[in-house]
Amino acid sequence: MKTSIALAQYRLGAAELEVLLAMVRTGTLAAAGERLGVDASTVFRAIQRIERGLGQPLFERSRAGYRASELAQALAEQAERVEAALEAARTATQAQPEQVSGTVRISTTDTILQGLIAPALQVLQPRHPALVYELHAGNELVSLTRRDTDIAVRATRRPPQHLVGRQLGMIRSALYTAASNPLALSDVEAGRAAWVAPDDSMPGHPSVRWRKKQYPRAQPTYRVNSLLTVMELVARGAGVGVLPTFLAQGRGDLRPLTGSLPECDNGLWLLTHPESRHLRRIAAVYGHLADTVQLP
């Protein structure tokens, strides 16, 4: 009876929810402590207090880290709402009604950043000079669920259902060579062309799948971890490579050997978290990218 009364009297506060959210997002005591600005032992003791108060474990411990239970996941969702509300309140007190300020973290690939996002942000910056951008360019997926980023712009055919998304169009690709290279498509088909291609960091890239299907015997001479590097090497005459048309078009040092390759088509998606989309700083950038970055 005393235990039941104690459990009934236990109330989670904002501080406890913050600890739970950090643990669910990171999965380790050290990483959660880094986010919270405390050491791992402090996080451990806080989790123990919460679990004792609730009368049940919230995480399954293993060598890989802490795996959240269904209750912990549900509490984390509520904690995200609290986090968003607090951030909105802070923003309202720090800025004039007409101002948009703060830091917006954007994750995308190097090609999309250079070809589409950076030009769009240059247009937006004079309108909202108090905004600051943290740009992460990489092929790995930065997690919106763990709030490692605020907005993601990704090439995908199936965006995650738990995120708010808008398709910006289709990324289309073609096979290119250097404008100064007399190479013809027949040379490629005859195996007389060197290939520049993504390496194993992008094994599922549409251009890789297309090349292996159409030219199964072709072995790339150059393997690189960036499509921007593919483009620069092709432009220098190192070989042929599949490039997004939005990136290659308008460059006088590149020449297409094919038209658009339907097998390489991929959707371009603008994604954010449902609990973040209404924050003024994120809504301003999300809306601008949605209106500005458009592919056919």
Side-chain angles (χ1 to χ4, degrees), residues 6-7 9-95 100-108 130-138 140-152 160 162-164 271-286:
L7 292 176
Q9 291 177 342
Y10 183 74
R11 292 186 178 182
L12 283 172
E16 289 81 7
L17 288 175
E18 185 179 22
V19 173
L20 287 174
L21 183 57
M23 276 299 299
V24 171
R25 285 176 174 171
T26 63
T28 68
L29 293 170
E34 186 175 349
R35 287 200 176 207
L36 297 169
V38 299
D39 57 37
S41 61
T42 301
V43 179
F44 178 73
R45 290 192 297 271
I47 294 296
Q48 282 191 317
R49 286 195 300 270
I50 297 169
E51 290 181 331
R52 283 197 301 267
L54 294 175
Q56 59 182 297
L58 294 174
F59 298 90
E60 180 182 340
R61 282 79 166 175
S62 71
R63 292 184 178 180
Y66 281 57
R67 182 178 179 182
S69 67
E70 289 187 12
L71 177 57
Q73 292 283 0
L75 291 173
E77 291 179 7
Q78 299 302 319
E80 286 185 334
R81 294 186 175 92
V82 173
E83 180 185 62
L86 287 173
E87 187 171 354
R90 296 187 189 106
T91 300
T93 61
Q94 294 172 358
V100 179
S101 63
T103 299
V104 178
R105 297 166 297 172
I106 302 173
S107 168
T108 188
L131 280 177
V132 176
Y133 308 97
E134 291 183 3
L135 306 176
H136 176 89
E140 69 278 9
L141 291 175
V142 174
S143 177
L144 280 160
T145 303
R146 296 197 308 268
R147 300 299 178 88
D148 294 329
T149 191
D150 299 312
I151 295 173
H162 64 282
L163 301 176
V164 176
L271 303 166
T272 189
H273 196 279
E275 299 300 330
S276 301
R277 59 176 173 165
H278 299 302
L279 296 175
R280 292 179 66 206
R281 60 184 174 82
I282 296 176
V285 178
Y286 184 95

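Residue indices begin at 1 and follow the sequence shown. Since this is a predicted model, take the numbers as computed values, not measurements.
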E77 side chain to A74 main-chain N or O, any donor-acceptor pair under 3.5 Å? no
Below 4.5 Å, heavy atoms only, C-beta onward: do M23 and I47 meet side chain to side chain? yes
So which atom in V24 and which in A68 form the shortest heavy-atom distance, rounded to 0.1 Å? CG2-CB, 3.9 Å
Residue pairs involving residues 60-76 (criterion side chain to side chain donor-acceptor pair (under 3.5 Å); sequence neighbours excluded): E51-R61
Rounded to the nearest 0.5 Å, how far does CG of L36 lie from OG1 of T42? 9.5 Å
Where V164 and P274 come nearest, the two heavy atoms and their spacing: CG2-CA, 3.6 Å
Would you say L131 and V104 make side-chain contact, with heavy atoms under 4.5 Å? yes
Here the pair of heavy atoms bringing A130 nearest to V100 is CB-O, 3.6 Å
For A72 versus L58, what's the shortest heavy-atom pair and its separation? CB-O, 3.3 Å
So, using side-chain contact (heavy atoms from CB on, under 4.5 Å) as the criterion, who are the partners of E134 when residues are at least two apart? T103, R105
Looking at every non-hydrogen atom in both residues, tell me the closest pair between A31 and T26 and how far apart they are. CB-CB, 3.5 Å
Roughly how far, to the nearest 0.5 Å, is CG of L29 from CZ of R45? 11.0 Å
State whether the number of non-hydrogen atoms from other residues, nucleotides or ligands found under 6.0 Å of F44 atom CZ is greater than 12. no
Spacing of L20 atom CG and I50 atom CD1 [to the nearest 0.5 Å]: 4.0 Å
Minimum side-chain heavy-atom gap Y133-D150 below 4.5 Å: no
Min side-chain heavy-atom separation L21-L75 under 4.5 Å: no
As an exercise, state the distance from NE2 of H273 to CD1 of I151, rounded to the nearest 0.5 Å. 13.5 Å
